[in-house]
Amino acid sequence: MAVGSVLPEVPPRRSSWWPTWRAARRDPGAWVGAVVLGSVVLVAWLAPHLAPMDPDAQDIIHRLLPPMAVRTGHRFWLGTDQLGRDLLSRVTFGSRISLLVGFSAVALSAAFGTTVGVLSGYFGRLWDDLLMRVTDVQLAFPSILLSLAIVAILGAGVRNLIAVLAISGWVGYARVTRSRVLGIREREYIEAARALGARDQRIIFRHVVPNVLPSMLTIASFSLGGMITSEAALTFLGLGIPSNIPSWGGMLTDGAQYLSVAWWLATFPGAAIMLTVLATNLIGDWLRDALDPRAGAG
Amino acid sequence: MQRYVARRLVQAVFVLVGISVVAFALTHVIGDPVVLLLPFQASQAQVIAMQHMLGLDQPLPVQYLRFARAVLHGDFGISVRQNTPALSLVLDRVPATAELASAALVIAVGVAVPLGIAAALRRRTIIDRGALLFSLVGQSMPTFWLGLQAILVFGVVLRWFPTGGIGGLRHLVLPAVVLGVFSAAGILRLTRSAMLDIISEDYLRTARAKGLREVAVVGRHALRNASLPIVTWIGLELGTLMGGAVVTETVFAWPGMGRLAVQAIFARDIPVVQAAVLFAATIFVLATLLTDLLYVWLDPRIHYS
């Protein structure tokens, strides 16, 4: 503790979050994004209480009912699917899988990418050359094909899907962290910490990582939307969430086959994806503008 | 300058080698080719004979070198399913992918660059807000969903365009617009912020002060200087699109490389997967390389060592 407290120049810590909150008050987009994403999280959490019906209950007599239809005293707000399942209940439960996959993949890729970036930027030389060439390869590789191929090998399933998405998403964190660390490494407070005898490990966790975190949060916010879209795209291509779990991507896939007779099947799950991604993009915009005023110019 | 070009070339070769290693590794994990080629009842002796014939009993580095040498000669092996050379299957799909990619990019650039300039010049007006909203929504819509909605409205209900397949211009419209919207969203944002960065520069104020017309100020001075990041972005976008738009091609049953690759993955047709992946990656690496070189040429101020 003593080392950090006697530094001549203390790296900005809590104070760097202050402009973030101040900017949020002025940015209506940020509010909309936060409220929408917050609602989706709530819906996912409370799905069993909010869904009007069992999302898996089939009722073949009431199949392909249009939105707002009323049958046997029930109102099917968003209609029913090809097996007579209530679409509103399925969309409600579908939020769970999207958020689970999205947040897990983002957390994994952020942790891995940031670690690689810090190692690369802080230790430099051979580490740096090697790791950056690996990111070159990853960037050039068509990521959706890589994901498809890996899922084809490992088998479809929620855990494999998260792993595959994390593999395709870590490069952005690594690149940005590296360039930030290169800038931080030569600052006086790092030099001072080193002169006082702090070890690499301490410098990295006390001084480097806290300075990189705001940028990582911005990337994470944008990439959460990307992960949710990719999950749905992989499911749509046939190698994602297994069809026995209600997921937005899976519902869209079913809906595509009934496009000419039941437009609602593909439209509502897709709209749910779009709203969620929109919210994460709005939050990402706000974080970027607030944390890096030059980048946004909005 | 020459040293920079040389270094970039070495880097590009390194990336391609790395990709070939990953593509090679896929063969050894996706599934045993021997199992795919032999009938179920094959005896152990037949399996061993087949492994020997294919060189699968050699150490992995030897197998990789053999694979790399064949690939350098354009030989990816024979498609397991279609009994034709894998590379020629991929090359057959290039025209369709190129047609879709170029049409999408023309639409994207045609919409996004003027709109981005207008948004920057009329900042905080209704034009600017509308442009930002378009780019936000465009980036948030999953491509396959937009594709399905387009098919529903313009194919099924209005019957203006066919719902899929390749043919004349009418077949191209929906997939190109759908693919173009996503690219347009990114290009629009970038154009706007690049223009905003330039607009406050002193030399623009000078240009205006000496009485140049607005068209000349924007066209000759601002846009030329803002064009560097935009050109880079478009180069990368082209490199990505030319590798095959997997999702859009699938939604619209467009016979391009992306669809071929997906079908090959499902069929476990390893030579075709390898050929498609390496081809897409090579295009991307070349596009990045050319963009970087173009950058040097466009901006003589930058000195590379």
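In what follows, chains carry the letters A, B, and so on, assigned in the order in which the sequence lines appear, proteins first and then strands, with residues in each chain numbered from 1. These numbers were taken from a predicted model, which means no experiment stands behind them. In what follows, every heavy atom counts, from backbone to side chain, and hydrogens, waters and symmetry copies are set aside.
- The nearest pair of heavy atoms linking A:Leu145 to B:Ile265 is O-CD1, 3.7 Å.
- Contact of B:Gln139 with chain A is made through backbone and side chain together, with heavy-atom distances under 4.5 Å.
- Atom CG in A:Leu139 sits 9.5 Å away from atom CG in B:Leu236 (nearest 0.5 Å).
- Both the backbone and the side chain of B:Val15 come within contact range of chain A, judged by heavy atoms closer than 4.5 Å.
- Comparing A:Ile144, A:Leu237, A:Leu154 by how many heavy-atom pairs each has under 4.5 Å with chain B, the most go to A:Leu237.
- Atom CG of B:Leu158 has more than 12 neighbouring heavy atoms from other residues, nucleotides or ligands inside a 6.0 Å radius.
- A heavy-atom distance below 4.5 Å is found between the side chains of A:Phe236 and B:Leu148.
- Among B:Val262, B:Leu146, B:Leu152, the residue with the largest count of heavy-atom pairs under 4.5 Å with chain A is B:Leu152.
- The CZ atom of B:Phe266 sits 6.5 Å away from the CG atom of A:Leu148 when rounded to the nearest 0.5 Å.
- For the set A:Ala233, A:Gly226, A:Ser230, the count of heavy-atom pairs under 4.5 angstrom toward chain B peaks at A:Ala233.
- Between the CE atom in B:Met141 and the OG1 atom in A:Thr229 there is a gap of 11.5 Å [rounded to 0.5 Å].
- No more than 12 heavy-atom neighbours from other residues, nucleotides or ligands sit within 6.0 angstrom of CZ on B:Phe182.
- A heavy-atom distance below 4.5 Å is not found between the side chains of B:Val22 and A:Gln138.
- Contact count versus chain B (heavy atoms, under 4.5 Å) is highest, among A:Leu282, A:Asp136, A:Ile150, A:Leu259, for A:Leu259.
- Contacts of B:Val277 with chain A are made by both backbone and side-chain atoms, with heavy-atom separations under 4.5 Å.
- When each of A:Ala256, A:Pro269, A:Gly270 is scored by its heavy-atom pairs under 4.5 Å with chain B, the top score falls to A:Gly270.
- Residue contact with chain A, scored on non-hydrogen atoms closer than 4.5 Å, is absent for B:Val21.
- No option in A:Val277, A:Ile273, A:Thr276 other than A:Val277 meets the side-chain contact (heavy atoms from CB on, under 4.5 Å) test with B:Ser140.
- Proximity to chain B (any heavy atom under 4.5 Å) is shown, for A:Ala271, by both the backbone and the side chain.
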